[in-house]
Amino acid sequence: MTPSSPASTRRTRVLIPGERPVPDDFYAERAGTEAREPLNKTAFRQAERKYKTPDAPLAEALDFGTGTDCDARSSHDEIVRIGTWTRTDGSERPVYGVSGVDGFIYVPQALTEDEQLHFATQSFVVYPRKPNASNLDAHYELPDEGMFPHVMAGESMTIRHRTDGRTELITADAIESRLIRKMRWVTLGYQYNWTTKEYNFDRVDEGAHFPTDLFSWTRQAVEKLGFGSDYRPEAGIVNYYQPDDTLTGHVDRSERNMTAPLVSISIGRSAIFLLGGRSRDDEPVRAIIVRSGDLSILSGPSRHFFHGVPRILPEHPAFLHPAAQQHDSQLNGVLTLMQNCRININVRQVT
Ligand code: OGA
Ligand code: MN
């Protein structure tokens, strides 16, 4: 792991006059008041405080390693190997569970580098397009083709501010700093309304179909892990984390179907993922190091457990550096945007 650099941990946010800051904790924005209640005394809050600091005891965290069985099991005696995962390139990776956490499944490096590059590209180029919603929609009307083509072409783009209806021409450089880096989430498939905490079931008729590539990847993943072939990926959230972003502890409970597994993949920077129990008071709250390419599943009892991301770590895989390989210009553009970023894509069956 590379040491934390002051530049990345003390990122300051440049605010444009009249623009509302994006909260560092974007679940607080999503969850309304619930996440702001004084919950400081719960076990989950204490773990969040402990792991949010740069000197957090990472050695105490569960570390599933980067794909060789011996790294993971030497890190913690709670880690149990429960199977083998065959990647799409034919190579094998261990499948783990954690003793005492029923239904939680972890596959380090389940995605090949190509799959990580693919989903990173989709997350910047395709998934943010209409009719999918993003946090930026509260402030701006963005063009249907999204922002990425404008950045790539080095051309400016017109946006309309929702607050006062004024239009503004933004230069290509500013699209990156003012808009793309402020993108915190995009919703896929059945669109989720953060205020009412409900899914909108009309949108599928309007063409907000779940992305077919993510649909088939998730479906085969769930099938490989023994959940059968009737899993339907229907809704998803793409989270884009900048270095100081956090995601407060929560349970995803808006899905009508709480028995289908919640499938989550990570790309880019590593992070600390906290996993507690059914209540914020339940102990222990486990800290887990999640890396680019890892797959995690919350199923069974763990589907109802509190979880969150108190900290993004500096570690970033070498193959995601723009200069690492000869890439086409679109991929180089994506990798430039990925530099300080962690992407988490999580997929749910809702009905
Ligand atoms: C979520 C979530 C976890 C992560 O978006 O509901 O729990 O690893 N994300 O970012
Ligand atoms: Mn969640």
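Note that ligands are numbered from 1 as they come in the structure, with each ligand's atoms numbered from 1 the same way.
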Note to self: Can you confirm, on distance only, whether ligand 1 has an N/O atom lying under 3.5 Å from any N/O atom belonging to N239?
What the structure shows: yes

Item checked: Sub-4.0 Å heavy-atom approach of Y241 to ligand 1 -> yes

Margin query: Restricting to N, O or S, what is the name of the atom of D252 that lies nearest the Mn ion (ligand 2)?
Written below: OD2

Margin query: Less than 6.0 angstrom from the centroid, inside 45 degrees of the normal: does R280 satisfy that with respect to the ring of F44?
Written below: no

Next item on the list: Any salt bridge (charged side-chain N to carboxylate O under 4.0 Å, His left out) involving residues 83-101? Give me the pairs, sequence neighbours left out, ordered by first then second residue.
Entry: R87-D89

Margin query: At less than 4.0 angstrom from any non-hydrogen atom of V309, what atoms of ligand 1 do you find?
Written below: 4 (C), 8 (O), 10 (O)

Item checked: Pairs where residues 123-134 contributes a residue and the test salt bridge (charged side-chain N to carboxylate O under 4.0 Å, His left out) is met, not counting sequence neighbours -> K130-D137

Check: For ligand 1, which atoms have a heavy atom of D252 less than 4.0 angstrom away?
Finding: 6 (O)

Note to self: For Y140 and H161, I'd like to know if the aromatic rings sit close, meaning centre-to-centre distance below 6.0 Å.
What the structure shows: yes

Item checked: Min N/O separation R348 to ligand 1 under 3.5 Å -> yes

Next item on the list: Take the angle between the ring planes of F104 and F64 and call it parallel below 30°, perpendicular above 60°, tilted in between.
Entry: tilted

Checklist line | Ligand-residue contact atoms, ligand 1 with R342, heavy atoms, under 4.0 Å | finding: 4 (C), 8 (O), 10 (O)

Note to self: Check this for me: does any side-chain nitrogen of one of R348 and E234 sit under 4.0 Å from a carboxylate oxygen of the other?
What the structure shows: no

Note to self: Within the 4.0 Å heavy-atom shell around H307, which atoms of ligand 1 are there?
What the structure shows: 7 (O)

